[in-house]
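Please read the structure below before turning to the comments.
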Protein chains: 2
Amino acid sequence: MAAFDINHAGGLAPAVPREGAGASPCSACSIRNLTICAPLNDIEQTQMAAIVTNIEQPPGTPLFDEGEPADHVFNVTAGTIKVYKLLPDGRRQVTGFLFAGDFLGLANQDTYAYSAEAVTACHLCRFPRRKLEDLMTRFPKVEQRLLNIASNELAVAQEQMLLLGRKTAREKIASFLLLLAKRAQQRGQKDDSVSVPMSRTDIGDYLGLTTETVSRTFTQLKKANLIRLLPNSQVELSQRAELEDIAGGF
Amino acid sequence: MAAFDINHAGGLAPAVPREGAGASPCSACSIRNLTICAPLNDIEQTQMAAIVTNIEQPPGTPLFDEGEPADHVFNVTAGTIKVYKLLPDGRRQVTGFLFAGDFLGLANQDTYAYSAEAVTACHLCRFPRRKLEDLMTRFPKVEQRLLNIASNELAVAQEQMLLLGRKTAREKIASFLLLLAKRAQQRGQKDDSVSVPMSRTDIGDYLGLTTETVSRTFTQLKKANLIRLLPNSQVELSQRAELEDIAGGF
DNA sequence: GCTTTGGATTGACCCAGATCAAGGACGCGG
DNA sequence: CCGCGTCCTTGATCTGGGTCAATCCAAAGC
């Protein structure tokens with residue numbers, strides 16, 4: 001098996017051929033309906049394909065850093081990306097994990113407001129920002145789609161603020177696992193067990209906890225028979241309903 | 001003086017006449033350049049005005065609740081609004097405070113994802129969502145503007161996650177005061193002192209703290225001569241530079 | 001004026017989660 | 001198969017901010 005196992009996240013076939021800016025791999029894109037390309041017909045799709053570059057991102061490598069000129073936007077086609085912000089002393093807040101279909105790079109200023117890094121090996125479609133903007137004026141559908149994506153992300157962000165500001169460690173972990181499960185389901189993966197490809201540290205930085213607390217809380221949920229830790233970073237949600245209650249703050 | 005002192009927030013004249021759906025108070029709108037109307041010319045503005053209703057919102061009254069059908073969107077023209085989410089047991093996260101010029105009500109689902117309530121007496125422009133959507137297809141500029149607003153809010157939300165997940169109480173309060181100052185400045189208000197019209201409880205619910213901690217931290221900053229608490233909910237930021245350092249996590 | 005009332009402040013104490021410190025368990029390269 | 005590095009887990013202890021409980025204070029009403 002290749003060095004980059006993009007199937008790490010649990011059995012989804014590569015959505016896009018791995019090479020270059022070529023003709024139109026987009027026509028074969030299995031997750032098109034999740035991306036910004038969703039509203040385009042085949043002809044329009046071709047124009048979109050003309051400005052896109054397919055890139056590969058090995059695990060642990062940065063995609064861009066906060067403050068860099070925001071020259072590109074991206075669509076994840078496979079793998080897991082984390083985006084985060086840092087304080088000067090190194091404290092870190094992971095503001096999101098992105099999966100196949102997710103869009104990133106939206107910046108209203110001319111620099112990125114956060115850093116992005118591959119968690120697992122990733123494939124992405126890269127669009128030059130300027131060119132995508134041109135294309136958006138020609139296809140308002142795309143702009144509309146982007147507005148939809150943005151307002152969806154806004155709702156997600158607000159949910160995350162509720163989590164960060166008001167939930168306990170136990171509630172945070174339960175919410176996190178259910179979120180992963182929901183996202184995996186959206187991508188059409190089986191939902192008897194969830195892939196958790198990111199480290200305890202990343203999870204802690206996402207939930208406003210330390211690694212130790214994340215680990216302890218996993219153990220605690222395991223002992224309560226609410227989850228099972230399986231090999232290959234898989235977690236089985238044995239008592240989904242009960243987890244939902246915990247996550248919801250009941 | 002009238003029962004609703006919309007100048008509570010510090011000396012800004014009412015931006016919009018207080019009555020009904022009338023002809024076009026918009027032409028006199030002093031904060032147009034802050035709103036979604038910014039990109040429109042006078043003729044387009046008139047069409048916008050045709051679908052808008054000016055509403056008044058007394059302090060403490062709800063504008064809408066999470067889960068309600070999202071039939072309207074709003075532009076604040078005067079006063080302070082808070083938006084928040086609740087957990088079943090009553091824990092609350094204020095996800096934002098909105099001021100003159102701010103837009104609210106974006107919902108990608110057909111229901112509001114959060115509740116909104118007036119903190120001070122407020123004036124707002126209310127748009128029927130459906131009609132605004134129609135108008136957006138005719139004026140892509142408005143949709144573009146909305147996308148800008150949304151991506152801006154997204155950046156703000158990420159900053160807030162960093163605050164909630166990783167900052168100390170002291171850093172949170174400093175960040176909060178500076179945010180209020182910055183927002184007031186954007187609206188063209190003097191910045192020697194900031195108006196803090198919301199209660200300690202609201203501030204706590206915004207920053208993921210309790211009232212007591214908010215109060216204690218204010219006292220602490222006061223004793224360190226970084227701020228002064230003035231009458232009428234005004235706070236003077238005596239040592240802005242030092243506050244910036246604290247807020248930034250240095 | 002005096003009283004009421006709903007924040008705001010302050011104090012005493014407590015606890016969830018952080019910090020500090022070992023181990024343990026893989027997975028990987030040699 | 002062994003050794004090494006990285007991540008994960010677990011334990012012991014500490015602490016920032018929460019909780020509980022009085023006041024305090026200022027605006028509003030009588």
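Note: hydrogens, waters and symmetry copies are ignored here, and every other heavy atom, side chains too, is used. All values reported here derive from a predicted model rather than from experimental measurement.
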Rounded distance (nearest 0.5 Å) linking atom [atom1] of [X] with atom [atom2] of [Y]:
X        : Y        : atom1 : atom2 : result
B:Arg91  : B:Lys85  : CZ    : NZ    : 14.0 Å
B:Lys82  : B:Ser199 : NZ    : OG    : 6.0 Å
B:Gln220 : B:Arg216 : CD    : CZ    : 11.0 Å
A:Gln93  : A:Leu86  : CD    : CG    : 10.5 Å
A:Glu171 : B:Leu87  : CD    : CG    : 6.5 Å

Separation of [X] atom [atom1] from [N] atom [atom2], in whole Å?
X        : N      : atom1 : atom2 : value
A:Asn232 : D:dC7  : CG    : C1'   : 15 Å
A:Asp202 : D:dT6  : CG    : P     : 16 Å
B:Leu230 : D:dA26 : CG    : P     : 14 Å
A:Ile227 : D:dC8  : CD1   : P     : 14 Å
A:Leu209 : C:dT19 : CG    : C1'   : 14 Å
B:Leu229 : C:dT9  : CG    : P     : 6 Å
B:Leu207 : D:dG16 : CG    : C1'   : 15 Å
A:Ile203 : D:dT9  : CD1   : P     : 9 Å

**Request:** Using the test side-chain contact (heavy atoms from CB on, under 4.5 Å), find all partners of A:Ala118 that sit at least two apart in sequence or belong to another chain.
**Result:**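 Testing A:Ala118 for side-chain contact (heavy atoms from CB on, under 4.5 Å), a comparison that skips the adjacent residues, returns A:Gln57, A:Thr61, A:Ile81, A:Cys122.
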**Prompt:** Looking at residues at least two apart in the chain, or sitting in another chain, which of them share a salt bridge (Lys or Arg N to Asp or Glu O under 4.0 Å) with B:Arg166?
**Reply:**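 Testing B:Arg166 for salt bridge (Lys or Arg N to Asp or Glu O under 4.0 Å), a comparison that skips the adjacent residues, returns A:Asp205.
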**Message:** Under 4.0 Å, heavy atoms only, any strand: does A:Gly208 hit a base, just the sugar-phosphate, or nothing?
**Reply:**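 Answer is sugar-phosphate: A:Gly208 comes under 4.0 Å of backbone atoms only.
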**Message:** Taking any heavy-atom pair under 4.0 Å as a contact, classify B:Gly204: base, sugar-phosphate, or nothing.
**Reply:**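 Nothing: the residue B:Gly204, judged by heavy atoms under 4.0 Å, touches no strand.
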**Message:** If the test is side chain to side chain contact (heavy atoms under 4.5 Å, CB included), which one of B:Leu178, B:Thr213, B:Leu207, B:Thr168 qualifies with B:Ile173?
**Reply:**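 Result: among B:Leu178, B:Thr213, B:Leu207, B:Thr168, B:Leu207 is the only option passing the side chain to side chain contact (heavy atoms under 4.5 Å, CB included) with B:Ile173.
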**Asked** Where along residues 157-171 of chain B does a heavy atom come under 4.0 Å from DNA chain D, residue by residue in number order?
**Response**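 DNA chain D contact set from residues 157-171 of chain B: B:Thr168, B:Ala169.
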**Request:** Pull out every residue in residues 82-99 of chain A that has a heavy atom closer than 4.0 Å to any atom of DNA chain C, ordered by number, or say none.
**Result:**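 Contacting residues: none.
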**Prompt:** Which ones in residues 210-224 of chain A lie close to DNA chain C, meaning a heavy atom under 4.0 Å from one of its atoms?
**Reply:**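 Under 4.0 Å from DNA chain C: A:Thr210, A:Glu212, A:Thr213, A:Arg216.
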**A:Phe64 and A:Tyr114 aromatic ring geometry - parallel, tilted or perpendicular at 30°/60° bounds** =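 Ring orientation of A:Tyr114 relative to A:Phe64: tilted.
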**Prompt:** So which heavy atom on A:Leu164 is nearest to which on A:Lys172, and how close?
**Reply:**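 Taking A:Leu164 first and A:Lys172 second, the nearest heavy atoms are O-NZ, 3.9 Å.
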Distance-only donor-acceptor pairs under 3.5 Å for side chains of residues 94-106 of chain B, two or more places apart:
unit_1: B:Thr95; atom_1: OG1; unit_2: B:Val83; atom_2: O; d: 3.4
unit_1: B:Asp102; atom_1: OD1; unit_2: B:Arg183; atom_2: NH2; d: 2.7
unit_1: B:Asp102; atom_1: OD2; unit_2: B:Phe99; atom_2: N; d: 2.8
unit_1: B:Asp102; atom_1: OD2; unit_2: B:Arg183; atom_2: NH1; d: 3.2
unit_1: B:Asp102; atom_1: OD2; unit_2: B:Arg183; atom_2: NH2; d: 3.0

